[in-house]
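The block underneath contains the structure these notes are about, expressed in structure tokens.
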Amino acid sequence: MVESDPTAEYIVTLLSTTDLPNQPSLKARGLAWRLLSASEVLLGAAIVIGHNVFRVVPNEVPILFVLGLVSVRVRDGGWSAIGFRRPESWLRLILIALAAAVLRIVLGDFVIEPLAAHWWPPIHAPAGTEHTAGNIKIALLWLLIIWTFAAFGEEISYRGYLTLRAADVGGRSTVAFWLATLLVSVLFGYGHYYKGPTGIVDSSVAGFILGAAYLLTGRNLWAPVLAHGVIDTVGVIVGFFGWEG
């Protein structure tokens, strides 16, 4: 009698990104469902590019935030579809979020930016961050923006909404979610177009790391929200104490 390998079963469970409990299979919903999802992704991409590249659309985050919540509520029956639910283990989720934050910071500071410096100018920081050094009021204001607009707003918009709809097109299979994460990561990079070419690449990589944390926790949105918040909080702390290289 062959015994199953507990480690292998855990890895399969970790990487599985099939439909959440009590959600009907996408395969049963047909072509119309997938086409509608594809149209939402195209609309979302147009909004991201329209604001960040061409400046003909208001900021994409509030728009995608509202569109996403309405879409998921109407089409999926509840907001748990984007991943806001209690995890089986908060400890495991927090460890994955922290690992994602560390990986993103290390890659950005020690790999992406030094390599990109051979071809492109340095990353343009968000307007206003230059006043953070030694100013506790400005630093606290940025922390408020980080944990609302960035951590919750961007993660619901990009990881929760656009990734879900892009994965719809592929039937929400494991491969579909990873490809959707890759696509949305590129959009996330262009969502930071103001940072310049290096910033677009850096933010795209950041988006993929955040998306990976989302998938590796069974599509629990708390993971990228926490990781995103920690990453940007470190940036505020570094700016406040003037620790930039």
Side-chain angles (χ1 to χ4, degrees), residues 4-29 33-34 37 40-41 44 64-65 68-69 71-104 107 147 150-188 204-232:
S4 60
D5 184 349
T7 303
E9 291 180 356
Y10 173 76
I11 292 174
V12 170
T13 301
L14 184 66
L15 294 178
S16 176
T17 53
T18 53
D19 287 330
L20 296 172
N22 302 320
Q23 287 190 349
S25 170
L26 263 289
K27 294 179 181 178
R29 290 174 167 172
W33 178 277
R34 299 189 187 197
S37 294
E40 288 190 50
V41 174
L64 293 176
F65 181 88
L69 292 182
S71 173
V72 171
R73 179 65 179 174
V74 171
R75 298 185 61 195
D76 296 273
W79 292 324
S80 63
I82 64 174
F84 270 133
R85 60 189 183 282
R86 183 176 180 177
E88 293 183 4
S89 170
W90 276 108
L91 176 61
R92 177 172 159 270
L93 183 143
I94 291 172
L95 289 175
I96 290 175
L98 289 177
V102 170
L103 179 61
R104 186 268 179 274
L107 285 180
W147 285 99
F152 280 93
E154 290 187 345
E155 293 311 307
I156 288 174
S157 300
Y158 285 94
R159 252 61 64 187
Y161 172 48
L162 291 180
T163 298
L164 179 67
R165 289 295 171 246
D168 282 353
V169 181
R172 291 189 188 176
S173 66
T174 300
V175 172
F177 267 104
W178 282 103
L179 290 176
T181 296
L182 181 60
L183 170 65
V184 172
S185 298
V186 175
L187 281 179
F188 188 69
S204 295
V205 172
F208 188 78
I209 292 172
L210 292 170
Y214 177 53
L215 298 185
L216 293 176
T217 52
R219 285 189 285 127
N220 193 305
L221 202 61
W222 283 112
V225 165
L226 291 175
H228 197 149
V230 169
I231 292 165
D232 289 359

> With a 6.0 Å cut-off on ring centres, are Trp222 and Tyr214 close enough?
Replying inline: no

> Shortest non-hydrogen contact from Ala81 to Val72?
Replying inline: CB-CG1, 3.7 Å

> Would Leu164 and Arg172 count as a side-chain contact (heavy atoms from CB on, under 4.5 Å) if you check the C-alpha gap in whole Å, the side-chain angles of each, and the deciding distance to 0.1 Å?
Replying inline: CA-CA 8 Å; Leu164 179 67; Arg172 291 189 188 176; 3.6 Å; yes

>> Testing the basics here: between Ala97 and Ala227, what is the closest heavy-atom pair and its distance to 0.1 Å?
In response: O-CB, 3.4 Å

> Got Arg219 and Ile82 here, is their nearest side-chain heavy-atom distance under 4.5 Å?
Replying inline: no

>> So Phe84 and Ser80, do their side chains get closer than 4.5 Å, heavy atoms only?
In response: no

>> When you compare the side chain of Phe65 with that of Glu154, does any pair of heavy atoms fall below 4.5 Å?
In response: no

> So, for Ala223 and Ala213, which heavy atoms are closest and what is the spacing to 0.1 Å?
Replying inline: CB-O, 3.8 Å

>> Could you tell me if the side chain of Thr163 sits less than 4.5 Å from the side chain of Leu183, heavy atoms only?
In response: no

>> Any heavy-atom pair between the side chains of Arg165 and Arg34 that's under 4.5 Å?
In response: no

> Once you round to the nearest 0.5 Å, how far does CH2 of Trp33 lie from CZ of Arg75?
Replying inline: 4.5 Å

>> Apply side-chain contact (heavy atoms from CB on, under 4.5 Å) to residues Ser71 and Tyr161 and explain how you reach the verdict.
In response: CA-CA 8 Å; Ser71 173; Tyr161 172 48; 3.8 Å; yes

> Does the side-chain contact (heavy atoms from CB on, under 4.5 Å) test come out yes or no for Asp168 and Val41, once each step is laid out?
Replying inline: CA-CA 10 Å; Asp168 282 353; Val41 174; over 6 Å; no

> Can you tell me how far CH2 of Trp178 sits from OG of Ser173, rounded to the nearest 0.5 angstrom?
Replying inline: 12.5 Å

> Is the cationic atom of Arg104 (NZ for Lys, CZ for Arg) positioned less than 6.0 Å from the six-membered ring centroid of Phe208 and within 45 degrees of its normal?
Replying inline: no

> What's the spacing between Leu162 CG and Glu40 CD if we round to 0.5 Å?
Replying inline: 9.0 Å

> Does Ser185 use its side chain to pair, donor to acceptor, with the backbone of Ala206 at less than 3.5 Å?
Replying inline: no

>> To the closest 0.5 Å, what do you measure between OG1 (Thr217) and CG (Leu95)?
In response: 12.0 Å

>> Please report the interatomic distance CD1(Ile94) to CG(Leu226), rounded to the nearest 0.5 Å.
In response: 6.5 Å

>> With heavy-atom distances below 4.5 Å as the criterion, would you say the side chains of Val225 and Leu210 are in contact?
In response: no

>> For Ala100 versus Ile209, what's the shortest heavy-atom pair and its separation?
In response: O-CG2, 3.4 Å

> Does the side-chain contact (heavy atoms from CB on, under 4.5 Å) test come out yes or no for Val102 and Val230, once each step is laid out?
Replying inline: CA-CA 9 Å; Val102 170; Val230 169; over 6 Å; no

>> Nearest 0.5 angstrom please: Leu98 CG to Leu103 CG, how far?
In response: 12.5 Å

>> Ring of Trp79, cation from Arg85 - is the NZ or CZ under 6.0 Å from the centre and inside 45° of the axis?
In response: no

